[in-house]
Amino acid sequence: MSDSLQLQQLSDSLEGTLFYDELHKKLYATDASAYRIIPQAVAVPKTEEDIVKIIRFAAKNKISITPRTAGTSLAGQTVGNGIIVDVSKHFTKIVAFDAAKKTITVQPGVIRDELNLYLKPHGLFFGPNTSTTNRCMIGGMVGNNSSGTTSIRYGVTRDKIVEIKAVLSDGSIVVFKEMSSEEFIEKTKGDSLESKIYKAIYEELSNKENQEEIVKEFPKPEIHRRNTGYAIDLLLKSDLFSGTENTINLGKLLCGSEGTLAFTTEITLKVDDLPPTNNVMVVAHFHTIQESLEAVVTAMKHHLYTCEMMDDTILDCTKTNREQAKNRFFIVGEPKAVIMLEVGSHISMEDAELQADALIKDLEENNFGYALPKIYGSDIDKINELRKAGLGLLGSIVGDDKAADSIEDTAVELSDLPNYIADFSAMMESHGQSAIYYAHAGAGEIHLRPVLNLKTKEGLHQFRNIATEVAILVKKYRGSLSGEHGDGIVRGEFLPFMIGEKNYELLKRIKSAFDPHTILNVGKIVNAWKMDENLRVESGRVEPDIKTIQDFSDSMGILRAAEKCNGSGDCRKLPSAGGTLCPSYRATRNEKDTTRARANALREYLTHSEKDNKFDHEELYKVFELCVSCKACASECPSNVDVATLKSEFLYQYQKANGFSVRNKIFAFNSKLNKLGSIAPSMTNFVANLGFVKKSMGIASQRQVPLLAPTTFRKWYEKNKKSAKSNSFTNGKVYLFCDEFTNYYDVPVGIDAYELLTGLGYEVIIVDHEESGRAFISKGFLEEAQEIANKNVGIFKDLISENTPLIGIEPSAILTFRDEYIRLAKDKESAEKLSKNTFTVEEFFKREIATGKIHSGQFSDVEKTIKIHGHCHQKSLSTVEASFAMLNVPKNSSVTIYNSGCCGMAGSFGYEKEHYEISMQMGEDTLFPKIRSTEATTAIAAAGTSCRHQIFDGTNRKAMHPVTILRDCLK
């Protein structure tokens, strides 16, 4: 029977889904590590019975299965050549909770932060706190024995394990939990696989020679954060094996086993009381890495809740990241490293202050740190967000030299840390390398990354050599090569050296007892694959020459722009995590619809396609289809992977080969068609909204095609513009961009903007210019968009300056000057200069408020409550805070900003019949419920025309542009 037929039979038997198409196999070929392995299939099981069937199928057909949750593993644990089993979509339930016992049972796909949202009302939380908490899942945390920033106070995941329900390699379901020594012995009796496992462990660990070898070769027991092979050293604490504890729990052995021993389906955890809310963070600044790590030993004498280090490479990356640039406010001077030291008190803020002052005094007396600022409240959260973005930020480094994760998880005893780092730095210097450091310094764990070009043979050679030398160095200090990220592929082959050959053979026997047919996550921990093979970039390859119409020189080409995605998975966070990224994933919960999937797919086909036009693949069309070009990835992705820009280039290249559909042409040339339609707008509106017309155009029947206004804004302006007099306009001159949406549809908004600005003393000029080109860009008509960009840059380059700015009403239109025009315009220098003096109307108001030209005395004192929904482009390329400042000018305005994500309309996307349902789901994720719960008397502000239409369609509430709201308040 053929493989495809066998897979089809498995697929037919599952309640969930089995994919074995090329696209899904390529999407799951990578995780957040350096590795790429094409699987045979990808399973998305719905039930425990599905998992049993998959495991039995794998055993029968000798296929490896690899468990996967969010796919953010850094050591290659979640890639494999068999079946990837993704439990992130359906295994997301909280099964049971016992507040009195402080235990909770969850399925492996529960996100760590979502779990803590559930626990918070009960005064409890799950402590392990990785940098990926808003998308990493408990199953993955168990697989890796995750730790994070809080381990110095709350321990690691293994410490929290109460019991684990799992499917064994023969399909049997078992529960591993704490039991007495007598119960353990009883488990060894019988012929089941479970009994054989208990018997094997008893026989192996009862052996005195084995016990001595484990004690001799495993990392120092003082190193709490360690993931070295299987945690058999912990089992020696049982009185069964000469220890003192009268209970034993094999669930703790499964923790850190990376899915190589059993397939976890439920996890019961111990949870802790919430940490203190009175907190002070001291951010110690240092001139050298060595000094910062020497200071850790002093700092850790204090009762710290976090002790985290970042070096200047990561801090420099924040300068060019739109989201994180605002979180670097705490930096003093140019530190080589900073350490975030947080103290807390359950008693009072005064007590926390005393602790912080004592910490500072101790550091100063030991001459540690040139600056020691104290940080409070929400600013602490901002610094923690910046730290969490560290790994992703490294992906934004331009070019082929990347921070390689070959040695990035070493842990030593805290007292050994300064000497270890001194030795490490000397070793790196011998390789001509300067590493990147970020660390859970208080736990003795340093994430060390050399900067290597793995596309070259020299870089690949260094990849192995540095890893080997670091293993030798860690062994010298009896440290752990992995503190929290696991052995996986990158460290697995060093295990025989790290724990000794005898212990390694013991691990192999334990693996065999659990998995006699060798199907569970093969190639990890024991019999690991080579650490310098199966990399996602091929050493010595010839870089493909890929021509694009947009300028990707800021990333050294479109391929490297896609390669900036390192798989950190920030695009998988859910609405509760805030932000907008990624609307389509939030709606479908499918990996295919993530920003990561789009970047990975583009990288795959640009590097492996045999076609002359490497964009010409239907699989790429499928992966980009639900991208709404919200541009949240351009700011919220720490690696700055701007998938909206990648999508527009893909659409252009793909449609060059396959043709442009009639509907896409209609949407793209909408402005040209509206020019004709506005000759008889009433007739145009009637015809456009006829059922058969909408059906023939592929427009959702539930939508009303936007209505053309009786006259255009440009015609109104020509008729009503005021003649400038010497004293008429006291605040100077501005150029108003008459975008295509305001001109034909939202004419009242244009009039409000004009009257508001002239009423405040500004001369408003509208010149004869082109449309913005937004519709052309969104549909991939980049030649037409480029022509428009060239014309508009030519028109405005000599008109616009700091004193005569260009301002726009519709965010998606005016922000093309700041974004796409710089990639499209031939005169790039003029485009960049123009972009610096181009503003949304809200940004302009914020600027003028700061100068005092606009003030509350110009507006009425009528009480008004306003809620703001920000347009996606506004949030990514501008700021919603500008709308907040603008609408707060009247004295009695009460203004708040919705944390509302994407509305889901996204230009034409929400009108297309095949996208209507998912468009509405995007709105339901966050925005619609918030609006429905808003008082009817509250004004809803939304700058985007698409947003206003979607809000009305989804909630029957009318939203207004901020200029309309403020115009109504003008005296």
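None of these values were measured; they are calculated from a predicted model.
- Of the inter-residue distances, the one linking Lys647 atom NZ with Leu626 atom CG reads 8.0 Å to the nearest 0.5 angstrom.
- The closest donor-acceptor contact from the side chain of Asn566 to the backbone of Ala32 lies at 3.5 Å or more, if one exists at all.
- Put simply, the side chain of Leu646 does not reach to within 4.5 Å of the side chain of Phe650, judged on heavy atoms.
- Using a 4.5 Å cut-off on side-chain heavy atoms (C-beta onward), Ile940 and Ile931 make contact.
- Atom NZ of Lys89 has more than 12 neighbouring heavy atoms from other residues, nucleotides or ligands inside a 6.0 Å radius.
- Between the side chain of His949 and the backbone N or O of Pro706 there is no donor-acceptor pair closer than 3.5 Å.
- Between the side chain of Asn685 and the main chain of Pro681, a donor-acceptor pair closer than 3.5 Å is present.
- Side-chain atoms of Lys867 and Thr938 form no donor-acceptor pair, as typed in the model, at a separation below 3.5 Å.
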* Residues Tyr118, Phe97; criterion ring pair (Phe, Tyr, Trp, His ring centres under 6.0 Å); working and verdict -> CA-CA 10 Å; Tyr118 179 90; Phe97 172 55; 5.8 Å; yes
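- The salt bridge (charged side-chain N to carboxylate O under 4.0 Å, His left out) contacts involving residues 938-952 comprise Asp746-Arg948, where partners must be two or more places apart or lie in separate chains.
- Annotation: side chain of Tyr821 is in contact with side chain of Ile788 (closest heavy-atom distance under 4.5 Å).
- For Glu740 and Arg774, the salt-bridge test fails: no basic side-chain N is under 4.0 Å from an acidic carboxylate O.
- Shown here are the salt bridge (Lys or Arg N to Asp or Glu O under 4.0 Å) partners of Glu625, two or more places apart in sequence or in another chain: there are none.
- A donor-acceptor contact under 3.5 angstrom links the side chains of Ser878 and Glu843, judged on distance only.
- Between the side chain of Thr47 and the backbone N or O of Asp50, at least one donor-acceptor pair lies under 3.5 Å.
- Side-chain contact of Asp752 with Thr964: a donor-acceptor pair under 3.5 Å is present, judged by distance alone.
- Taking the six-membered ring wherever Trp is involved, the centroid distance between the rings of His617 and Tyr654 does not fall below 6.0 Å.
- For Gln950 (side chain) and Ser919 (main-chain N/O), a donor-acceptor pair under 3.5 Å exists by modelled atom type.
- The backbone N or O of Cys738 lies less than 3.5 Å from no partner atom in the side chain of Thr742, so there is not a single donor-acceptor pair.
- Between Phe839 and Phe845, the gap from one ring centroid to the other reaches at least 6.0 Å.
- Inspection of the Gln550 and Ser648 side chains reveals an N or O donor paired with an N or O acceptor under 3.5 Å.
- Panel note: side chain Arg932, backbone Gly954; a donor-acceptor pair is recorded below 3.5 Å.
- When atom types are taken as modelled, the side chain of Arg957 and the backbone of Thr934 share a donor-acceptor pair closer than 3.5 angstrom.
- The stretch residues 108-120 participates, sequence neighbours left out, in no salt bridge (charged side-chain N to carboxylate O under 4.0 Å, His left out) pair at all.
- Side-chain contact annotation: Gln655 with Asn664, donor-acceptor N/O pair under 3.5 Å present.
- By the 4.5 Å heavy-atom criterion applied to side chains, Ser639 and Cys565 are not counted as neighbours.
- Proximity of a side-chain donor or acceptor of Gln874 to a complementary backbone N or O of His871 within less than 3.5 Å is detected.
- For Tyr898 and His869, the ring centers are positioned 6.0 Å apart or more.
- Cation-pi check for Arg598 over Phe624 is not met; the charged atom does not lie both under 6.0 angstrom from the ring centroid and within 45 degrees of its normal.
- Between Phe660 and Lys779 there is no side-chain heavy-atom pair separated by less than 4.5 Å.
- Contact of the Leu887 side chain with the Ile868 side chain is registered, since non-hydrogen atoms from C-beta on lie closer than 4.5 Å.
- Relative orientation of the Phe817 and Phe737 rings is perpendicular, given thresholds of 30° and 60° on the angle between their planes.
- Side chains of Lys675 and Tyr744 form a contact here, defined as non-hydrogen atoms less than 4.5 Å apart.
- Here the two rings, on Phe781 and Phe669, have centers that are under 6.0 Å apart.
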